[in-house]
Amino acid sequence: MKIALFPRMGSKDLKLLDVFSYESLVHAVAGAMGSVTAMTVFFPLDTARLRLQVDDKRKTKSSPAILSEIIKEEGLLAPYRGWFPVICSLCCSNFVYFYCFHSLKATWLQGQRTTPGRDLIIGIAAGVVNVLVTTPLWVVNTRLKLQGAKFRNEDIQPTHYKGITDAFVQIMQQEGVGALWNGTFPSLLLVLNPAVQFMIYEGLKRQLIRGVHRELSSVEVFLIGAIAKAIATTITYPLQTVQSVLRFGQHGQPADQSRLRNSLRSVMYLLTNRVRKWGVLGLFKGLEAKLLQTVLTAALMFLLYEKIANTTFRVMGVKRTMASH
C-alpha cells in the first residue's frame with residue numbers, strides 16, 4: 001500500500017513511514033487506554049504489593065488481609081492513594097512501549113513473518129526507550145502512593161508532597177536531578193519483563209490464530225495475556241522489589257562516586273540484605289499480591305487493547321498488518 005501511494009520513495013523513507021504510521025499510533029492509544037482501565041480496576045492489589053515490598057517490618061499476609069489492615073488504619077480510600085500519578089505514569093509508559101514495539105516491528109520485519117526471538121529483541125529495545133523516558137514519572141508516583149501510609153518500619157521518614165509538580169520540584173531541590181532516575185539500573189534489567197511477556201503473548205497468539213483461523217475470542221486473549229504475564233513476573237520479581245525500594249529512596253545503601261557502580265552496589269546490597277534477613281523466600285515477599293494484581297491487570301489490558309485496536313481499524317477501514325501472525 002505504501003509503495004503504491006509513494007512510488008518514488010526510497011527504503012529510508014518507507015522505514016520512516018513505518019515509525020510514524022497510523023497503525024503504530026492506534027496500537028499505542030489502545031495499549032494506553034487498556035492499561036489505564038485495567039489498572040484502575042485492580043489498583044488496590046497494587047497498593048498491597050507495594051506495602052509488602054517497601055515496608056520491611058510488615059508481615060507477609062494475603063492481599064485481602066493487607067488491604068483490610070490498610071483500610072482499618074488509614075481509611076476506606078487508602079487503597080486508591082496515589083491513583084492519579086500512577087495512572088498518568090502508566091498511560092505515558094504504555095503509550096511509549098506499544099508505539100515503540102509496533103513501529104520497530106514494522107520497520108524491521110517489512111512484511112515478513114516474525115519469530116519469538118525477534119519479538120524478544122524488539123521488546124527489549126522498546127523497554128529501554130520506555131525506561132529512559134518515563135522513570136522520573138514512576139519515581140514520583142511511588143513516593144506519592146506511599147505518602148501518608150502507616151509503616152511498621154519506624155526508620156522510614158514521612159514525605160510532604162502537594163502533588164506531582166511539587167514532588168518533582170522537591171526531589172530535584174533536595175536530592176538532585178539524578179534522583180528522578182533512581183532505580184533506572186534495575187528498571188533496565190527489568191525490560192526483560194515486558195519483553196518476555198510480549199514474546200510469550202505474541203507467540204501464543206500466533207499459534208492459536210494458525211490453529212483456529214479466526215479472530216481470537218475474549219476468553220482466549222484474556223488467558224494468554226494472563227499466562228504471559230505470570231511467567232514474566234515470577235522470573236523478574238526480585239528485581240521488581242529492588243526497583244520499588246530504590247524509587248522510594250529510603251534504602252540507606254553505601255554511597256559511591258560513580259552512579260553506575262553505585263547502582264550496581266545498591267542492587268546487590270538490597271538483594272543480599274533481603275536474603276540475609278528472610279532467606280531466599282524474602283526475595284519473593286509480596287509475590288502473591290503482585291501476581292494477583294499484575295496477571296489480572298495484564299490479562300484485562302491485553303483484552304481491552306485487542307478490542308480497541310480491532311474496532312478502530314474496522315471503523316476506519318484500515319486492514320491490520322498480519323506480519324505478526
Asker: Within a strict 4.5 Å, meaning less than it, do heavy atoms of the Lys105 and Phe198 side chains meet?
Answerer: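 Not in contact.
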
Asker: Could you check Val221 against Lys307 for side-chain contact (heavy atoms from CB on, under 4.5 Å), going step by step and ending with a plain yes or no?
Answerer: CA-CA 10 Å; Val221 171; Lys307 293 299 179 185; over 6 Å; no

Asker: Quick one: does any side-chain atom of Arg118 pair with a main-chain N or O of Arg113 as donor and acceptor, under 3.5 Å?
Answerer: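 Yes, because the side chain of Arg118 sits within donor-acceptor range (under 3.5 Å) of the backbone of Arg113.
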
Asker: When you compare the side chain of Asn182 with that of Arg143, does any pair of heavy atoms fall below 4.5 Å?
Answerer: yes

Asker: Can you confirm whether Thr135 sits close enough to Leu180 that some side-chain heavy atom of one is under 4.5 Å from a side-chain heavy atom of the other?
Answerer: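 The answer is no, as the side chains (C-beta and beyond) never meet within the 4.5 Å cut-off.
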
Asker: NZ of Lys277 to OG1 of Thr272: how many Å apart, nearest 0.5 Å?
Answerer: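 OG1 of Thr272 is found 11.0 Å from NZ of Lys277.
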
Asker: To the nearest 0.5 Å, tell me how far Ile164 CD1 sits from Leu144 CG.
Answerer: 6.5 Å

Asker: Does the plane of the ring in Phe98 sit parallel, tilted or perpendicular to the ring in Tyr305? Use 30° and 60° as the thresholds.
Answerer: tilted

Asker: I'd like to know whether Gln197 forms a side-chain contact (heavy atoms from CB on, under 4.5 Å) with Phe302, so could you lay out the CA-CA distance, the side-chain angles of the two residues, the decisive distance to 0.1 Å, and finally the verdict.
Answerer: CA-CA 11 Å; Gln197 173 189 344; Phe302 274 119; 2.9 Å; yes

Asker: Should the pair Arg51-Glu69 be classified as a salt bridge under the 4.0 Å nitrogen-to-oxygen rule?
Answerer: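 So Arg51 does not pair with Glu69 through a salt bridge.
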
Asker: Are Val133 and Ile171 connected, step by step, through hydrophobic side chains (Ile, Leu, Val, Met, Phe, Trp, Tyr) whose heavy atoms are closer than 4.5 Å?
Answerer: no

Asker: State, to 0.1 Å, how close Ser35 and Ala32 come at their nearest heavy-atom pair, and which atoms those are.
Answerer: OG-O, 2.9 Å

Asker: Say whether Val140 and Phe84 are linked into one hydrophobic cluster, either directly or through other cluster members, by side-chain heavy-atom distances under 4.5 angstrom.
Answerer: yes

Asker: If you compare all heavy atoms of Arg81 against all heavy atoms of Phe43, which two are closest, and at what distance to 0.1 Å?
Answerer: O-CE2, 3.6 Å

Asker: Find out if a path of hydrophobic residues (ILVMFWY) with successive side-chain heavy-atom gaps under 4.5 Å connects Ile122 to Val128.
Answerer: yes

Asker: I'd like to check Val295 versus Thr233 (side-chain heavy atoms, cut-off strictly below 4.5 Å). Are they in contact?
Answerer: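 Of all side-chain heavy-atom pairs linking Thr233 with Val295, none is under 4.5 Å.
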
Asker: Report the residue from Thr142, Asn94, Asn141 that forms a side-chain hydrogen bond (donor to acceptor under 3.5 Å, both in side chains) with Ser89.
Answerer: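 Output: one option passes, namely Asn141.
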
Asker: Please answer whether the main-chain N or O of Val139 pairs with a side-chain N or O of Trp181 as donor and acceptor at a distance below 3.5 Å.
Answerer: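 The answer is no, because no donor-acceptor pair under 3.5 Å joins these two groups.
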
Asker: Between Tyr97 and Gly123 (side chain of the first, backbone of the second, donor and acceptor by atom type, cut-off under 3.5 Å), is there such a pair?
Answerer: yes

Asker: Could you state the interatomic distance from CG (Leu291) to CG (Leu45), rounded to the nearest 0.5 Å?
Answerer: 11.5 Å

Asker: Would you mind listing every salt bridge (charged side-chain N to carboxylate O under 4.0 Å, His left out) that reaches into residues 187-196, with sequence neighbours excluded?
Answerer: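 As it turns out, there is no salt bridge (charged side-chain N to carboxylate O under 4.0 Å, His left out) pair with a partner in residues 187-196 once direct neighbours are skipped.
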
Asker: Take Phe95 and Leu25, measure what side-chain contact (heavy atoms from CB on, under 4.5 Å) needs, and give me the verdict at the end.
Answerer: CA-CA 9 Å; Phe95 183 92; Leu25 182 62; 3.8 Å; yes

Asker: Flag the pair Asp119 and Lys205 as a salt bridge only when some basic side-chain nitrogen lies within less than 4.0 angstrom of an acidic carboxylate oxygen.
Answerer: no

Asker: Of all heavy-atom pairs between Pro44 and Leu67, which one has the smallest distance, and what is that distance?
Answerer: O-CD2, 3.2 Å

Asker: Are Val96 and Leu192 connected into the same hydrophobic cluster when the rule is that any two of I, L, V, M, F, W, Y join if their side-chain heavy atoms are below 4.5 Å apart?
Answerer: no

Asker: Verify, without hydrogens or angle tests, whether Asn310 (side chain) and Glu306 (backbone) share a donor-acceptor contact under 3.5 angstrom.
Answerer: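 Present.
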
Asker: What's the separation between atom CD in Glu202 and atom CG in Leu120, rounded to the nearest 0.5 Å?
Answerer: 12.5 Å

Asker: Within the structure provided, determine whether Met39 and Gln293 are in side-chain contact (heavy-atom separation under 4.5 Å).
Answerer: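 Of all side-chain heavy-atom pairs linking Gln293 with Met39, at least one is under 4.5 Å.
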
Asker: Do Tyr237 and Asn193 have side chains that get closer than 4.5 Å, going by heavy atoms?
Answerer: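 No, their side chains stay 4.5 Å or more apart.
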
Asker: Which value, rounded to the nearest 0.5 Å, describes the distance between Leu303 atom CG and Leu223 atom CG?
Answerer: 10.5 Å

Asker: Are Ile235 and Leu188 linked, directly or through intermediate hydrophobic residues, by side-chain heavy-atom contacts shorter than 4.5 Å (ILVMFWY only)?
Answerer: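 Leu188 and Ile235: one cluster.
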
Asker: How many angstroms lie between atom CZ of Phe42 and atom CG of Leu300, to the nearest 0.5 angstrom?
Answerer: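 Separation between the atoms: 5.5 Å.
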
Asker: Kindly give the heavy-atom pair with the smallest separation between Tyr201 and Ala228, and that separation in Å.
Answerer: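 Nearest heavy atoms, Tyr201 then Ala228: N-CB, 3.8 Å.
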
Asker: Are Ile224 and Leu216 close enough, and set up right, to give a side-chain contact (heavy atoms from CB on, under 4.5 Å), and what steps lead you there?
Answerer: CA-CA 10 Å; Ile224 62 175; Leu216 298 183; 4.1 Å; yes

Asker: Of the non-hydrogen atoms in Ala30 and Ala309, which two are nearest, and what is the gap between them?
Answerer: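 Smallest heavy-atom distance, with atoms named: CB-N, 3.9 Å.
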
Asker: Within a 6.0 Å radius of atom OH on Tyr80, are there more than 12 heavy atoms belonging to other residues, nucleotides or ligands?
Answerer: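 It does: Tyr80 OH has more than 12 such atoms within range.
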
Asker: Which pair of heavy atoms, one from Ala78 and one from Ile70, lies closest together, and at what distance?
Answerer: CB-CG2, 3.6 Å

Asker: If you look only at pairs with a residue in residues 218-243, which of them pass as a salt bridge (charged side-chain N to carboxylate O under 4.0 Å, His left out), with sequence neighbours excluded?
Answerer: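 Only Arg214-Glu220 qualify under salt bridge (charged side-chain N to carboxylate O under 4.0 Å, His left out).
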
Asker: For residues His27 and Phe313, determine if any side-chain heavy atom of one lies less than 4.5 Å from a side-chain heavy atom of the other.
Answerer: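 In short, these two side chains touch, coming nearer than 4.5 Å.
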
Asker: What residues, two or more places apart in sequence or in another chain, satisfy side-chain contact (heavy atoms from CB on, under 4.5 Å) together with Ser93?
Answerer: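 So Ser93 forms a side-chain contact (heavy atoms from CB on, under 4.5 Å) with Asn130, Thr134, Trp138.
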
Asker: Going by heavy atoms in the side chains, are His102 and Val26 under 4.5 Å from each other?
Answerer: no

